[in-house]
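For reference, the structure discussed in these notes is given below.
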Amino acid sequence: MNPKRCAACKYLRRRCPKDCIFAPYFPPNDPEKFAYIHRIYGAGNVSKMLQQLPVQTRAEAVESLCFEAKCRVEDPVYGCVGIISLLQTEIQKTEILLAKTQAEIVVAQIKHSQNQNSEFM
Amino acid sequence: MRGHEPRSSSSCAACKLLKRRCTPTCIFAPYFRSSDPITFAKVHKVFGASNVSKLLSEVPDEQRQETVNSLAYEAEVRLKDPVYGCIGAIASLQKKMLELQHDLAVARTRLLAHSGANNHVPPLDDSPELAAFLDLVPYSDLMLLDGSSLDAYLYDLGQPPFV
């Protein structure tokens, strides 16, 4: 058994085995991290998700789950999907503006070459 | 002979999956119709039915449909990308946005050069919230796609079912 329980096992009030799936990612000095994840996903779901991932990707998966869980706690209706929606809207606006600007460049180039031609005539 | 009791034909998708009786006050029923079993299956796989029930009970009635929509979207993205989920999506969108802003700055400089001093190029109306969202996820640490692969990923991401 781990002499010092990980944050997950502390939260779940159980002993922390040597091969605890949570221990590498939930150190005891950061109890809030597991609390967020447990509140939104549940320990069982997170354990299943981590078991299905290669070991070298689990740390990143935990960080992303934690970020999403925090977003969902702060905004229970939209979570981090609100951010995705905002970014997509801004991208669309910027693409339209870019296309408009590029069209204006073409118009300006045509006007410029027309002016040059009329000077020679 | 004891007949097999038929399940209620009005069971919602959640109660069908959870194999329980769907009551008139079922919290899932208005949002997980039996005609679409896949959405609840995905949401249940990522969040778990009891967590979804808790989340829904914590938001006002009139916001529950939007909540379900965002949970379904988040679950879908997480199942497609089990490591990064929506964070990968946000990081990719951030990258696309920064590339577009750069392209737009270059285009505006070219337009200014062509237009000359007489023609006024109106200033950009950048929202301060956008600046904050472009720095949310440190995407340089993620293996992000480029060019047309990024565009294909963002197209496949789809839009959340609300604005």
Side-chain angles (χ1 to χ4, degrees), chain A residues 38-46 48-50 52-54 56-69 71-73 75-112, chain B residues 44-48 50-51 54-56 58-60 63-64 66-67 69-71 73-74 77-78 81-90 92-94 96-97 100-101 103-104 107-108 110-111 113-116 119 121 124-125 127 129-130 133-134 136-137 141-142 154 157 159-160 162-163:
Chain A
H38 181 62
R39 184 170 162 181
I40 300 302
Y41 299 103
N45 271 357
V46 175
K48 254 188 268 174
M49 280 194 246
L50 290 179
Q52 287 166 3
L53 290 174
Q56 64 270 24
T57 63
R58 288 179 187 174
E60 296 277 7
V62 165
E63 292 311 307
S64 72
L65 285 167
C66 195
F67 184 94
E68 286 181 35
C71 287
R72 184 60 66 174
V73 167
D75 182 353
V77 179
Y78 296 111
C80 67
V81 184
I83 301 168
I84 290 176
S85 189
L86 179 132
L87 284 169
Q88 286 178 328
T89 302
E90 292 298 323
I91 282 171
Q92 279 169 4
K93 280 184 346 195
T94 310
E95 280 173 339
I96 290 169
L97 192 51
L98 179 61
K100 186 167 170 264
T101 308
Q102 286 167 337
E104 285 171 0
I105 290 170
V106 171
V107 168
Q109 282 171 333
I110 290 170
K111 272 191 185 156
H112 180 68
Chain B
H44 177 52
K45 189 159 183 189
V46 175
F47 296 100
S50 60
N51 287 337
K54 251 187 276 171
L55 276 165
L56 288 179
E58 286 166 7
V59 302
Q63 292 187 304
R64 287 182 181 174
E66 293 277 81
T67 305
N69 291 346
S70 74
L71 287 170
Y73 184 89
E74 206 174 311
V77 176
R78 176 59 64 175
D81 184 353
V83 180
Y84 295 112
C86 283
I87 303 315
I90 291 171
S92 298
L93 288 164
Q94 279 177 191
K96 180 73 183 177
M97 188 64 203
L100 280 171
Q101 284 185 330
D103 291 347
L104 183 60
R108 284 168 62 84
R110 282 184 66 199
L111 181 60
H114 277 101
S115 303
N119 286 337
V121 176
L124 286 171
D125 184 23
S127 68
E129 293 93 358
L130 176 61
F133 286 129
L134 290 177
L136 262 181
V137 174
D141 293 341
L142 302 178
L154 292 176
L157 190 59
Q159 283 218 297
F162 49 76
V163 175

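Labels below follow one simple rule: chain letters A, B, ... track the order of the sequence lines, proteins then strands, and each chain is numbered from 1.
- Heavy-atom distances place both the backbone and the side chain of B:Gln63 under 4.5 Å from chain A.
- Here A:Arg72 is the residue among A:Lys93, A:Lys48, A:Arg72 with the most heavy-atom pairs under 4.5 Å with chain B.
- Closest non-hydrogen pair, A:Pro76 versus B:Thr67, comes out as O-CG2, 3.4 Å.
- Residues A:Ile40 and B:Asn51 fail the side-chain proximity criterion, which asks for heavy atoms closer than 4.5 Å.
- Of the listed residues B:Pro60, B:Gly48, B:Ala89, B:Cys86, the one with more heavy-atom pairs under 4.5 angstrom with chain A than any other is B:Cys86.
- Using a 4.5 Å heavy-atom threshold, the side chains of B:Glu66 and B:Asn69 count as touching.
- Contact annotation for A:Leu65: both backbone and side-chain heavy atoms come within less than 4.5 Å of a heavy atom of chain B.
- Interface remark: B:Leu55 contributes side-chain atoms only to the contact with chain A (heavy atom separation under 4.5 Å).
- Contacts of A:Glu68 classified as side-chain hydrogen bond (donor to acceptor under 3.5 Å, both in side chains), with partners at least two apart in sequence or in another chain: A:Tyr41, B:Arg78.
- When heavy atoms are compared at a cutoff of 4.5 Å, B:Leu56 does not approach chain A at all.
- No side-chain heavy atom of B:Val46 sits less than 4.5 Å from a side-chain heavy atom of B:Glu74.
- Ranked by heavy-atom pairs under 4.5 Å with chain B, the first of A:Gln109, A:Gln102, A:Met49, A:Arg39 is A:Gln109.
- Contact tally against chain B (heavy-atom pairs below 4.5 Å) for A:Thr57, A:Ile105, A:Val46, A:Asp75: the top residue is A:Ile105.
- Partners of B:Ser50 under the side chain to side chain contact (heavy atoms under 4.5 Å, CB included) rule, at least two apart in sequence or in another chain, do not exist in this structure.
- At a 4.5 Å heavy-atom cutoff, the contact between B:Val59 and chain A is made by side-chain atoms alone.
- Counting heavy-atom pairs closer than 4.5 Å to chain B, the top residue among A:Val107, A:Ile91, A:Leu87 is A:Ile91.
- Looking at heavy atoms from C-beta onward, B:Leu93 lies out of side-chain contact with B:Met97 at the 4.5 angstrom threshold.
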